[in-house]
Amino acid sequence: MENEKALRLKAKYGGSTAASTSKKEMSVGPRGRGNTMSSGEKPKNLGKTLARLFHYLAHERLLMTTALICTVINTISTLIASYLLRPIMNRFLYFDPDNSDLASRLGGLFAGLCVMAGVYAVAIFTQWLQQRLMLTVSQRSLRRMRQELYDKLQTLPIRYFDTHPSGDLMSRFTNDVDAVGEMLNTTLIQIISGFITIVGTVFLMLYTNLILGGITIIMTPILVLISKKLIEAGRGAYKLQQHNLGMLNGFAEETITGQKVVKVFNHEETAQEEFSYLNQELCEAQIKAQFRSGIMGPSTHQLCNVSYALTACVGGILVVTRGFDIGGLTVSLNYTRQFNRPINEISMQMNTVFSALAGAERVFDVLDEQPEPADTDTVALKEIKGHVVLDHVNFGYEPGLPILHDISLYAKPGQKIAFVGSTGAGKTTVTNLLSRFYDVESGQITIDGVPIEKINRGFLRSNIAMVLQDTHLFTGTVRENIRYGRLDATDEEVETAAKVASAHSFIMNLENGYDTVLEHDGANLSQGQRQLLNIARAAISKAPILILDEATSSVDTRTERHIEEGMDALMKDRTTFVIAHRLSTVRKANAIMVLEKGRIIERGDHDELLAAGGRYADLYHEIAELD
């Protein structure tokens with residue numbers, strides 16, 4: 001049984017092995033949810049990713065340049081301060097006792113220490129300044145990245161959101177961007193400082209003693225080679241870690257928002273199993289990623305100790321046999337430690353770098369998505385009257401899987417067209433095409449005689465008001481949520497729209513009436529009340545085309561009758577498309593389209609279809625018996 005569960009979960013979500021060897025996208029229809037499985041072991045284009053990250057830094061050239069100058073000054077000051085030990089030790093500590101003056105030695109020692117203190121003060125100040133500047137640079141760059149990411153999401157087609165879990169998208173705003181921020185805040189400057197330190201230290205080491213400097217330099221390729229191998233091993237592991245983190249967040253977000261569904265079907269244990277599986281996958285990926293990056297520090301540190309010990313031994317021999325000065329040996333050992341320290345620190349920072357590059361790549365994946373195709377050869381329309389024609393329309397969400405077959409219908413301005421049929425018959429798909437959330441594969445849709453693809457999307461959608469089955473309210477007051485349908489609406493128009501939707505009475509019973517603040521998608525309201533506000537939002541719009549997708553599904557029959565009275569006035573001068581399972585809501589429609597498996601099998605008004613005794617009549621009598 002346990003093996004069967006493991007296989008089922010692995011088939012559903014993909015395991016570490018599956019994720020590392022294949023790349024697939026599970027796409028679903030407009031009301032479904034999917035997830036994108038990305039390859040954990042696929043090599044990243046580090047050059048391209050880094051170039052794009054530096055593009056964000058380029059917007060802050062002045063601050064970035066100043067921070068780099070401070071880094072150079074800080075590094076050089078530290079190196080100079082270290083070298084000052086050589087003359088101080090040789091002149092004032094290790095001296096010729098026959099030519100020694102205690103007062104002059106103490107005075108020289110004090111002066112030398114003061115000079116060192118001054119140089120270190122410069123190093124401390126420049127380090128503080130560069131950290132402050134880099135913090136500003138990184139946060140501004142993150143602000144720009146978040147803004148671009150959010151702006152990009154506004155341009156993506158509905159298909160993208162239908163096939164990507166919202167939790168995974170949110171993870172790119174939070175975990176991935178934060179990982180980039182952590183690298184930009186400190187790691188980037190530490191790496192740059194490390195490289196400058198290495199170059200400066202090499203120069204001073206060779207200047208102090210060629211033999212000791214050569215020993216340290218010879219050890220460098222070994223350190224670099226080991227670090228490179230460890231970096232390559234950790235690269236794929238970190239990508240897989242970020243992917244699994246997004247999957248876990250997406251699942252958690254879905255189950256938390258759908259907690260009522262989970263509980264009503266007693267799926268708590270199933271949800272726990274699935275979360276446990278995703279949590280285990282993330283845990284294993286994190287162990288692998290953290291181990292591969294964490295092992296770099298200890299490995300390079302031990303090699304650094306070997307280099308230090310070798311330098312000390314050879315330096316001691318040079319002091320005894322060749323008269324190498326003690327100050328020079330001390331400085332050389334100090335530089336050996338300084339030379340190894342940045343290499344060790346850079347290797348330790350690879351943890352942060354891996355995470356940041358993996359996060360940046362996931363953000364760039366979204367930024368590289370194709371937006372909705374740009375409008376071309378559009379026809380300038382002053383207004384839309386609402387004459388809609390569908391002419392032999394065919395469409396499928398996936399190639400080779402048609403949803404609509406040869407759909408033809410028309411609606412004159414002010415008419416009410418209803419769609420009825422079984423779930424999955426294609427009713428909502430028709431309205432998605434009318435709003436150009438998707439484009440038809442063949443056939444044509446025209447509005448006022450103009451092909452819909454020739455109408456500017458923004459202008460088209462501003463002339464369509466929608467009330468969806470899935471309610472959604474924004475954080476803000478009741479008044480602001482209703483006014484979302486038309487931002488320039490007055491308070492009087494807001495209240496009129498609420499009355500049309502039969503929402504005014506319950507709004508007035510709220511604590512602060514229209515100024516009551518709604519949070520968490522209107523969690524302090526009932527489902528029916530939320531739907532009434534959505535209807536009021538559509539009512540306030542002056543759009544000539546109205547789409548009602550199960551608009552009254554969340555209200556009781558009595559409230560539905562009140563709404564229908566107001567909606568009759570609302571729909572009087574609008575072309576209205578209604579999707580409803582309650583056939584009582586479509587009786588007054590000018591035409592009713594009965595869809596089955598993406599085809600219109602019957603059409604006519606209520607009385608005509610009842611008299612025909614076909615599928616519509618069967619649906620009507622079945623529902624009447626249930627009532």
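Values below: every heavy atom of this structure, side chains too, minus hydrogens, waters and symmetry copies. Source: prediction; values computed, not measured. Counting from 1, the numbers follow the sequence of the chain as shown.
- Within 6.0 Å of CZ in Phe474 there are more than 12 heavy atoms belonging to other residues, nucleotides or ligands.
- Contact record, Leu518 with Gly522: CB-CA, 4.3 Å, taken as the closest heavy-atom pair.
- Side chains of Ile80 and Met116 form no contact here, defined as non-hydrogen atoms less than 4.5 Å apart.
- With hydrogens and angles ignored, the 3.5 Å screen pairs a side-chain donor or acceptor of Lys152 with a backbone N or O of Glu369.
- The neighbour count for Gln154 CD, taken as heavy atoms of other residues, nucleotides or ligands under 6.0 Å away, is above 12.
- Within the cation-pi definition used here (under 6.0 Å to the ring centroid, within 45° of the axis), Arg52 qualifies as a partner of Phe364.
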*Apply side chain to side chain contact (heavy atoms under 4.5 Å, CB included) to the pair Thr71 and Thr126, showing each step before the final yes or no.*
CA-CA 7 Å; Thr71 302; Thr126 51; over 6 Å; no
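- Considering only heavy atoms from C-beta on, Thr136 stays 4.5 Å or farther from Glu60 through its side chain.
- Residues Ser332 and Phe324 come closest through the heavy atom pair OG-CZ, 4.1 Å.
- Screening residues 319-331 for salt bridge (Lys or Arg N to Asp or Glu O under 4.0 Å) gives Arg86-Asp325 as the qualifying pairs, with residues at least two apart or on separate chains.
- The shortest non-hydrogen separation linking Gly315 to Leu329 is CA-CD1, 3.5 Å.
- Between His55 and His59, the ring planes are perpendicular. Angles over 60° get that label, and only those under 30° would be called parallel.
- Shown here for Val119 and Ser77, the closest heavy-atom pair between the two residues is CG1-O, 3.0 Å.
- Residues Gln131 and Ile189 have side chains not in contact (no heavy-atom distance under 4.5 Å, counting atoms from C-beta outward).
- Looking at every heavy atom in both residues, Phe161 comes nearest to Leu156 through CE1-O, 3.8 Å.
- To the nearest 0.5 Å, atom CZ of residue Arg140 and atom CG of residue Leu63 are 5.5 Å apart.
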*Leu357 and Leu50: side chain to side chain contact (heavy atoms under 4.5 Å, CB included), yes or no, with the steps?*
CA-CA 8 Å; Leu357 292 178; Leu50 287 172; 3.7 Å; yes
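- Atom CG of Asp178 and atom CG of Asn185 lie 10.0 Å apart (nearest 0.5 Å).
- Counting non-hydrogen atoms of neighbouring residues, nucleotides and ligands closer than 6.0 angstrom, the OH atom of Tyr484 reaches no more than 12 such neighbours.
- Scored by the salt bridge (Lys or Arg N to Asp or Glu O under 4.0 Å) test, Arg132 finds no partners at all (sequence neighbours excluded).
- For Arg461, the salt bridge (Lys or Arg N to Asp or Glu O under 4.0 Å) partners at least two apart in sequence or on another chain are Glu372.
- Put simply, the side chain of Arg362 never gets that close to the backbone of Ser171: no donor and acceptor are under 3.5 Å apart.
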*In sequence, state the C-alpha distance, the side-chain angles, and the governing distance for Gln241 and Leu245, and then conclude on side chain to side chain contact (heavy atoms under 4.5 Å, CB included).*
CA-CA 6 Å; Gln241 173 187 281; Leu245 182 60; 5.5 Å; no
*Step by step, work out the side-chain hydrogen bond (donor to acceptor under 3.5 Å, both in side chains) result for Gln280 and Glu284.*
CA-CA 6 Å; Gln280 180 64 25; Glu284 293 176 0; 3.0 Å; yes
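- At least one side-chain heavy atom of Val353 sits under 4.5 Å from a side-chain heavy atom of Thr187.
- No side-chain heavy atom of Leu68 sits under 4.5 Å from any side-chain heavy atom of Val72.
- The closest donor-acceptor contact from the side chain of Asn209 to the backbone of Met205 lies at 3.5 Å or more, if one exists at all.
- Between Phe195 and Thr75, every side-chain heavy-atom pair lies at or beyond the 4.5 Å cut-off.
- Of the possible polar contacts, one joining the Asn74 side chain to the Ala123 backbone as a donor-acceptor pair under 3.5 Å is found.
- Annotation for Arg146 and Val177: closest pair NE-CG1, 3.7 Å, computed over non-hydrogen atoms.
- For the atom pair Thr208 OG1 and Phe203 CZ, the distance stands at 9.5 Å (nearest 0.5 Å).
- Judged by distance alone, with hydrogens and angles left aside, the side-chain atoms of Asn279 form no donor-acceptor pair with the main-chain N or O of Phe275 at under 3.5 Å.
- A distance of 13.0 Å separates CD1 in Ile73 from CD in Gln127, rounded to the nearest 0.5 Å.
- Atom-to-atom distance recorded for Leu142:CG and Gln147:CD is 13.0 Å, nearest 0.5 angstrom.
- Of the residues Thr174, Asn175, Asp176, Asp168, the one that meets the side chain to side chain donor-acceptor pair (under 3.5 Å) test with Arg172 is Asp168.
- Counting only heavy atoms from C-beta outward, the side chains of Tyr56 and Ser138 never approach each other to under 4.5 Å.
- Looking at heavy atoms from C-beta onward, Asn512 lies out of side-chain contact with Thr477 at the 4.5 angstrom threshold.
- Counting non-hydrogen atoms of other residues, nucleotides and ligands closer than 6.0 Å to CD of Glu182 gives a total of 12 or fewer.
- Atom CG in Leu133 sits 8.0 Å away from atom CH2 in Trp128 (nearest 0.5 Å).
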*asked:* Run Leu184 and Val137 through side chain to side chain contact (heavy atoms under 4.5 Å, CB included) and show every step you take.
replied: CA-CA 8 Å; Leu184 295 181; Val137 169; over 6 Å; no
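- With Thr65 contributing its side chain and Arg61 its backbone, the two residues share a donor-acceptor pair below 3.5 Å.
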